[in-house]
Colleague: 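Below are the structure tokens for one structure; questions will follow.
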Amino acid sequence: MTDVLGGRKRSDYCGELSLEDKGRQVSLMGWVQRRRDHGGVIFIDLRDRSGLVQVVFNPEIDSTAFKEADRLRTEYVVYVRGTVRNRPEGNINPDLSTGEIEIKAEDAAVLNEAETPPLQIKENLEVGEDLRLKYRYLDLRRPKMQDIIKLRHRVNKVTRDYLDEEGFYEIETPILTRSTPEGARDYLVPSRVNEGEFYALPQSPQLFKQILMVGGMEKYFQIARCFRDEDLRANRQPEFTQIDIEMSFVNRDHIFKISENLIKKIFALVEIEVPETIPIMSYSQALKEYGTDSPDLRFGMKLKDISDIVAESEFNVFRKVIENGGQVKGIKVRGGAEVSRSKIDEYTDFAADYGAKGLAWIAYKGGDVSSPITKFLSENELSGIQNKMKADEGDLLLFVADSPKITANVLGNLRLKIARERDLIPAEENKFVWIVDFPLLEYDEQNKRYVPLHHPFTSPVKEDIPLLEENPEQVKANAYDLVLNGEELGGGSIRINDKELQNRVFQALGIDKEEAREKFGFLMEAFKYGAPPHGGIAFGLDRIIMLLSGTDSIRDVIAFPKTQRGTCLLTGAPAEVSRAQLEELNINLNVDSKDKN
RNA sequence: GGGGGAGUAGCGUAGCUGGUUCAACGCGCCGGCCUGUCACGCCGGAGAGCGCGGGUUCGAAUCCCGUCUCCCUCGCCA
């Protein structure tokens, strides 16, 4: 067997060399970032994952090496041996971390040639993302991608180290498992051995981690891949990763403590400070004031309810909505009175995207009140509104009248949009908050039944348990989300560990005994044999990496991500399979094989 | 399922109110020159027929229809 390196051995990484290494002979291996041929002297920027260093080839130093350098092209893989020396006076490159030194080449060898790459390996690349994904291995050579992948590794490492210190076991759970009804659409995998039956890929290891608690593992974690067959977004992939945690014999505060410590260690990697204790806000307050359960607390512009002021109003739009159980809420855009009508039209369209039927506005401009709705409002109502909204000259008020859900959704998103537009968000600030006291369940208008807000194993808070049958909507869950700057980092709950209580929750959800046994029988069975009190949490690893690295696409934090249609541009997945494979699985397709051009 | 944006040399774009810009500019690439550059410089060169299919027209990147792909987004999804 021949040694592909010909006995050569790397001694150093390019980017780690400095003046301290002056005079040392080093052996480097990497890629040619760039070649500058001056006829009599050739410079090479040599790149490995640590960075760049300049190599000088001079025929007076070594003519063989010089000749080899003549062959070099972009992205050739090369070996260079030479001496570290400081650069001549006036030739220092302050933009390069190794800019004070260079390598005087004494030997060089091409380890592999490379075709001209379809995209240039440089920091400020201007390339379509589809091309980056197709040639991901080239994209990954870019320093920015290298940094992100490295950061991701370090987050994994910190997570493992910390949780290990705290006595957690890292336990793998099945990828091939069974489909469970709630939540997202499952990815299915046909079973060859069991004709007509399917595995599902896990949406999360939820059931397994609870069963591990019954199994006496007490403290479990996993950096777990999860799969959901739903439409993609800038921050959503069909397979994504969670830091999944479950503990026995704990209450909410224990989970908070572990979570806060973990988040502290993770964010320390990018020198973001996490407060000693993270403040807590109720779900109802978050929804009331921010219109969302993941509020961005870095700025104000809170939602204000003016329903009581306009309940009896002449203005039908407001009054009728309130009569029908809706509400009228608004936000104040400080200094927003000067915005153009077309801007307000834009806000109206934006509101419509989130389901609003309209957007009412009042502008306090030039000592006057300008608004299409004031003529329907009494003096009292107008002053009431101005008081409630604390509106001053120059302010713009925007109102939505609709069901509480739509009102919150519209204004919550409008608040964010306007804040971003008007640059009201202090970028340097970080506001962590725990959101607690979620409703246990929610009425699903579409299917006319209650569905769990979190999942069906979430424990109700003790005081509300008696309400389960009479007033299920009033029941609060012992669930919590950790939110940073309007982004949900993770969420979890204390679980039900009592069979009776679990049955009552199932009942409230309209899941009868039969169905419960069918779907979760194994969990119910497990709970018969001494299930400890337990609870846990799961953090969205990809989104955390996005925040830490300041990227706005989840694709940038995953080595091999999928496109919006769930395809992999690198491998061409998903792809058709052979007839023989399908036959073995007893699968008949009722689609024509597609012809792509 | 709905709304919006994009698809022109290897890459990023311009041209898109149709015909002496039916293809240009920058980067990259190839060749030559250059012993201190580092977005090297200078000289020369190759490379696309405008995502794909169809139509309108004397004539289409430029207009129309269909279709594929990528991105953002509502719904969906924690």
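Below, read A as the first sequence line, B as the second, and so on, with proteins coming before strands; counting in each chain starts at 1.
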Colleague: If you check every side-chain atom of A:Thr563, which of B:C76, B:C72, B:C70 has the closest atom?
Modeller: B:C70

Colleague: So does A:Asp402 pair up with A:Lys329, basic N to acidic O under 4.0 Å?
Modeller: no

Colleague: Would you check if the side chain of A:Arg495 reaches a backbone N or O of A:Gly535 as a donor-acceptor pair within less than 3.5 Å?
Modeller: no

Colleague: Please report the distance separating the P of B:G45 from the corresponding atom of B:C25, rounded so that it comes out in whole Å.
Modeller: 12 Å

Colleague: Could A:Asp147 and A:Lys144 be called an ion pair, given the rule that one side-chain N must be under 4.0 Å from one carboxylate O?
Modeller: no

Colleague: Under the 3.5 angstrom rule, does the side chain of A:Gln25 hit a backbone N or O of A:Arg81 as a donor-acceptor pair?
Modeller: no

Colleague: Using atom CZ of A:Phe57 as one end and atom P of B:U37 as the other, report the distance to the nearest whole Å.
Modeller: 19 Å

Colleague: Using a cut-off of strictly less than 4.0 Å, decide whether A:Ser204 has a side-chain nitrogen or oxygen near OP1 or OP2 of B:A78.
Modeller: no

Colleague: Sticking with atom P, work out how far B:U17 lies from B:U73, rounded to a whole angstrom.
Modeller: 30 Å

Colleague: Out of B:G1, B:C70, B:C77, which has the shortest distance to the side chain of A:Arg236?
Modeller: B:C77

Colleague: Of all the choices, B:C38, B:A78, B:C72, which nucleotide is nearest to the side chain of A:Asn91 once you look at every atom?
Modeller: B:C38

Colleague: Any Lys/Arg nitrogen of A:Glu102 or A:Arg85 sitting under 4.0 Å from an Asp/Glu carboxylate oxygen of the other?
Modeller: yes

Colleague: Could you tell me the separation between the CZ atom of A:Arg35 and the P atom of B:C34, rounded to a whole number of Å?
Modeller: 14 Å

Colleague: For A:Arg47, answer base if it contacts any base atom (sugar-phosphate contacts may also be present), sugar-phosphate if it contacts only those atoms, and nothing otherwise; contact means non-hydrogen atoms under 4.0 Å.
Modeller: nothing

Colleague: What's the CD1-C1' distance between A:Ile243 and B:A78, to the nearest Å?
Modeller: 16 Å

Colleague: Hunt down the Watson-Crick or G-U wobble partner of B:A46, both distances under 3.5 Å, from any strand shown, or write none.
Modeller: none

Colleague: Polar pairs (N or O, both sides) under 3.5 Å between protein and nucleotides 23-27 of chain B?
Modeller:
from: B:C27; atom 1: O2'; to: A:Gln120; atom 2: OE1; distance (Å): 3.1
from: B:C27; atom 1: O2'; to: A:Gln120; atom 2: NE2; distance (Å): 3.2
from: B:C27; atom 1: O2; to: A:Gln120; atom 2: NE2; distance (Å): 3.4

Colleague: Under 4.0 Å, counting only non-hydrogen atoms across every strand here, what does A:Gly128 touch: a base, just sugar-phosphate, or nothing?
Modeller: sugar-phosphate

Colleague: Does a side-chain N or O from A:Asn409 land closer than 4.0 Å to OP1 or OP2 of B:G75, or not?
Modeller: yes

Colleague: With distance as the sole criterion, do the side chain of A:Arg185 and the base of B:G75 form a donor-acceptor contact below 3.5 Å?
Modeller: no

Colleague: Provide the distance between the two P atoms, one in B:U56 and one in B:A9, to the nearest whole Å.
Modeller: 27 Å

Colleague: Tell me whether the OP1 or OP2 atom of B:C74 has a side-chain N or O from A:Arg233 closer than 4.0 Å.
Modeller: yes

Colleague: Is any side-chain N or O of A:Asn93 under 3.5 Å from a base N or O of B:C38, one able to act as donor and the other as acceptor?
Modeller: yes

Colleague: Mapping A:Thr116 and A:Phe43 onto RNA chain B by nearest heavy atom, which one lands closer to the 5' end?
Modeller: A:Thr116

Colleague: Can you tell me, in whole Å, how much space there is between the P of B:A14 and that of B:G32?
Modeller: 35 Å

Colleague: Over 60° means perpendicular and under 30° means parallel, so tell me whether A:Phe457 and A:Phe506 are parallel, tilted or perpendicular.
Modeller: perpendicular

Colleague: Tell me whether A:Arg543 is salt-bridged to A:Glu488, with the criterion being a basic N under 4.0 Å from an acidic carboxylate O.
Modeller: no

Colleague: How far, in whole Å, is B:C11 from B:G28 if one measures between their C1' atoms?
Modeller: 7 Å

Colleague: Is A:Glu230 paired with A:Arg236 through a side-chain N to carboxylate O contact shorter than 4.0 Å?
Modeller: no

Colleague: Is A:Asp70 paired with A:Arg35 through a side-chain N to carboxylate O contact shorter than 4.0 Å?
Modeller: yes

Colleague: NA contact type, A:Arg73, heavy-atom cut-off 4.0 Å: base, sugar-phosphate, or nothing?
Modeller: sugar-phosphate

Colleague: So does A:Arg36 get a side-chain nitrogen or oxygen closer than 4.0 Å to the phosphate oxygens (OP1/OP2) of B:U37?
Modeller: no

Colleague: Could you tell me whether A:Asp45 and A:Arg34 make a salt bridge, using a distance below 4.0 angstrom between a side-chain N and a carboxylate O?
Modeller: no

Colleague: Taking B:U21 as the reference, what is the distance to B:G1 when you measure between their P atoms (whole Å, please)?
Modeller: 45 Å

Colleague: State which of B:C34, B:G36, B:C70 makes the closest approach to the side chain of A:Leu569.
Modeller: B:C70

Colleague: Confirm from the modelled atom types if A:Asp353 and B:G3 form a donor-acceptor pair under 3.5 Å, side chain to base only.
Modeller: no

Colleague: If we ignore hydrogens and angles and just use 3.5 Å, is the side chain of A:Lys209 paired with the main-chain N or O of A:Phe221 as donor and acceptor?
Modeller: no

Colleague: Could you check which nucleotide pairs with B:C33 in any of the strands shown, counting Watson-Crick or G-U wobble with both distances under 3.5 Å?
Modeller: B:G41

Colleague: Output the single nucleotide from B:C38, B:U69, B:A78 whose closest atom is nearest the side chain of A:Arg565.
Modeller: B:U69

Colleague: So does A:Ile494 get a backbone contact from the side chain of A:Arg252, meaning a donor-acceptor N/O pair under 3.5 Å?
Modeller: no

Colleague: When syn is taken as a glycosidic angle within 90 degrees of 0, is B:G49 syn or anti?
Modeller: syn

Colleague: For A:Asp293, which contact category applies under a 4.0 Å heavy-atom criterion: base, sugar-phosphate, or nothing?
Modeller: base

Colleague: Which nucleotide in the set B:U73, B:A78, B:G10 lies at the smallest distance from any side-chain heavy atom of A:Gln564?
Modeller: B:U73

Colleague: Choose from B:A78, B:U73, B:C38 the nucleotide whose nearest atom is closest to any side-chain atom of A:Ala234.
Modeller: B:U73

Colleague: Which whole-number value in Å describes the distance from A:Asp139 CG to B:C11 P?
Modeller: 15 Å

Colleague: Grab the CD-P distance between A:Glu100 and B:G36 for me, whole Å please.
Modeller: 22 Å

Colleague: Is there a donor on the side chain of A:Arg87 or the base of B:C38 sitting less than 3.5 Å from an acceptor on the other?
Modeller: yes

Colleague: Provide the distance between the two P atoms, one in B:C63 and one in B:U8, to the nearest whole Å.
Modeller: 16 Å

Colleague: Need the pair for B:G7. Rule: Watson-Crick or G-U wobble, both distances under 3.5 Å, any strand; none if unpaired.
Modeller: B:C68

Colleague: Starting at CG of A:Asp231 and ending at P of B:A78, how long is that distance when rounded to a whole Å?
Modeller: 13 Å

Colleague: Could I get a table of every N or O pair under 3.5 Å where one atom is in the protein and the other is in nucleotides 46-48 of chain B?
Modeller:
none

Colleague: Round to the nearest Å and state the distance from A:Leu131 atom CG to B:A6 atom C1'.
Modeller: 15 Å

Colleague: In Å and rounded to the nearest 0.5 Å, what is the CE to CD1 distance from A:Met247 to A:Ile537?
Modeller: 11.0 Å

Colleague: How close or far is atom C1' of B:A78 from atom CD1 of A:Ile435, stated in whole angstroms?
Modeller: 14 Å

Colleague: Toward the 5' end of RNA chain B, which comes first, A:Leu96 or A:Gly40, by nearest nucleotide?
Modeller: A:Gly40

Colleague: Could you tell me how far B:G3 sits from B:C65 if I compare only their P atoms? Round to whole Å.
Modeller: 14 Å

Colleague: Can B:A61 be described as syn, meaning its chi torsion is within 90° of 0, or is it anti?
Modeller: syn

Colleague: Distance from A:Ile263 atom CD1 to A:Leu484 atom CG, nearest 0.5 Å?
Modeller: 8.5 Å

Colleague: Does B:C63 have a Watson-Crick or wobble partner in any strand here, with both distances under 3.5 angstrom, and which is it?
Modeller: B:G55

